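Reviewing the structure listed below.
Fair warning: this is a prediction, and the values are worked out from it, not measured in the lab. Chain identifiers are assigned alphabetically (A, B, ...) following the order of the sequence lines, protein sequences preceding nucleic acid strands; residue numbering begins at 1 within each chain.
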2 protein chains.
Amino acid sequence: MSNIPEICATTVLEVVPLVMRNIRREMRNNRGSDLSVPQFRSLAYLSNNEGTSLSDVAEHIGLSLPSASKLIDGLVNRKLVLRKPSEDDRRRIMLSLTQEGQTTLQSAVQATETYLTRVLAALPENECAEVLHAMQILRPLFASVAP
Amino acid sequence: MSNIPEICATTVLEVVPLVMRNIRREMRNNRGSDLSVPQFRSLAYLSNNEGTSLSDVAEHIGLSLPSASKLIDGLVNRKLVLRKPSEDDRRRIMLSLTQEGQTTLQSAVQATETYLTRVLAALPENECAEVLHAMQILRPLFASVAP
DNA sequence: TCTAATGATTAGACTTGCGAAGTATAGCGC
DNA sequence: GCGCTATACTTCGCAAGTCTAATCATTAGA
């Protein structure tokens, strides 16, 4: 097992909220696609999983069922997402993006790309790659940790 | 400037909230030092900047003055932080950790170290180092971006 | 001294999360 | 077929955390 330096905890607890905060602001300030981070994640997930159920979304983005329901409420009210009762099991609802949902998602992705590109541009190429690689490493690591 | 791959935005927007969420839960579940992330950050900052002012803390952890005031309220009520009006300018307050604040911070740092060590233990040593290095890279990058 | 600026707090609203309880549908044992 | 349990989702009420606007106390400057 690796020897984690003492500085680790405080660094992580400083950097992660910092990045989170900047991302949040960036998504909020985005004209035409003002989204919260969970809203963005819902749209992104739905775009790859057309017709999935609410509980599926909730589990994927790590929210309780009530929270996810309210979250989707907001997106439906903004006409970004369509709720449709499933035909073979009418307890289920099938969620999908509207046309406007698609374009809003596109716009948000684009804006975030632009933002990250701008920020990461300050790095030499190898460090930039290292950061992105670290993200790839972290994803399964933290996704799999038990609640 | 580096060429940021298209996958970047969605990855970052998935990984960062994920890590954030896990950290938050870890700090909350910590018996004896149940702290929110901003609470932790305040304590950590105060431990290195004894006697600093409220506005200083607010700026450092990226909160509005009222939010920071309420945050410190909570810590004062729990007797982790001491509020003392400055003598040369009585509008200012000087903030400092109590003895209990010190030990609570210590305990929280320790618990987070343990948690991160446990999670990162799944990685080969070089990847672990890479992740930690990426954190170091990101800190100044996101700290300096204008609000 | 009066006024403007500064540091902090209070008040009120909003968002976003949760748990508990409620509703509607499905499935199963008899 | 009837009734019980399980499942999918919604509603309700609460708590935490954030902001803006208004306020208070103190200081600095004209």
Between [X] and [N], does any side-chain N or O lie under 4.0 Å from OP1 or OP2?
| X | N | answer |
| --- | --- | --- |
| A:Arg92 | D:dA8 | yes |
| B:Arg28 | D:dG17 | yes |
| B:Arg24 | D:dG17 | no |
| B:Ser69 | C:dA8 | no |

Item to check | Which residue lies more 5' along DNA chain D, comparing A:Asp56 with B:Leu71 via nearest heavy atoms | outcome: A:Asp56
Next on the checklist: For the CZ atom on A:Arg90, are there more than 12 heavy atoms of other groups (residues, nucleotides or ligands in this structure) within a distance under 6.0 Å?
Outcome noted: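 For A:Arg90, atom CZ is not crowded (no more than 12 foreign heavy atoms under 6.0 Å).
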Classify [X] by what it touches in the nucleic acid, base, sugar-phosphate, or nothing, heavy-atom distance under 4.0 Å.
| X | value |
| --- | --- |
| B:Leu65 | base |
| B:Ser55 | sugar-phosphate |
| A:Pro38 | sugar-phosphate |

Please tell me which of the listed nucleotides, [options], lies nearest to the side chain of [X]?
| X | options | value |
| --- | --- | --- |
| B:Arg91 | C:dT10, D:dA6, D:dT27 | D:dT27 |
| A:Ser36 | D:dG17, D:dT11, C:dT16 | C:dT16 |
| B:Ser67 | C:dA8, D:dT11, D:dT18 | D:dT18 |

Checklist entry - Hey, what's the ring geometry for A:His60 with A:Tyr45, parallel, tilted or perpendicular (30° and 60° as the breaks)? => result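 Parallel.
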How close or far is atom [atom2] of [N] from atom [atom1] of [X], stated in whole angstroms?
| X | N | atom1 | atom2 | answer |
| --- | --- | --- | --- | --- |
| A:Asp89 | C:dG27 | CG | P | 6 Å |
| B:Gln39 | D:dA15 | CD | P | 17 Å |
| B:Met20 | D:dA16 | CE | C1' | 14 Å |

Checklist entry - Charged N to carboxylate O under 4.0 angstrom, B:Arg78 versus B:Asp34? => result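 Salt bridge absent between B:Arg78 and B:Asp34.
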Item to check | Check ion pair B:Arg83-B:Asp73 (N to O, under 4.0 angstrom) | outcome: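 Salt bridge flag = yes for B:Asp73 with B:Arg83.
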Checklist entry - Any donor-acceptor pair under 3.5 Å joining the side chain of B:Lys70 to the base of D:dT18? => result yes
Checklist entry - On a plain distance test, is the side chain of B:Arg90 in donor-acceptor contact with the base of D:dT26 below 3.5 Å? => result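 For B:Arg90, whose side chain was compared with the base of D:dT26, there is no donor-acceptor pair (under 3.5 Å).
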Checklist entry - Given that A:Asp88 and B:Arg21 both sit by DNA chain C, which one's nearest nucleotide is further toward the 5' end? => result B:Arg21
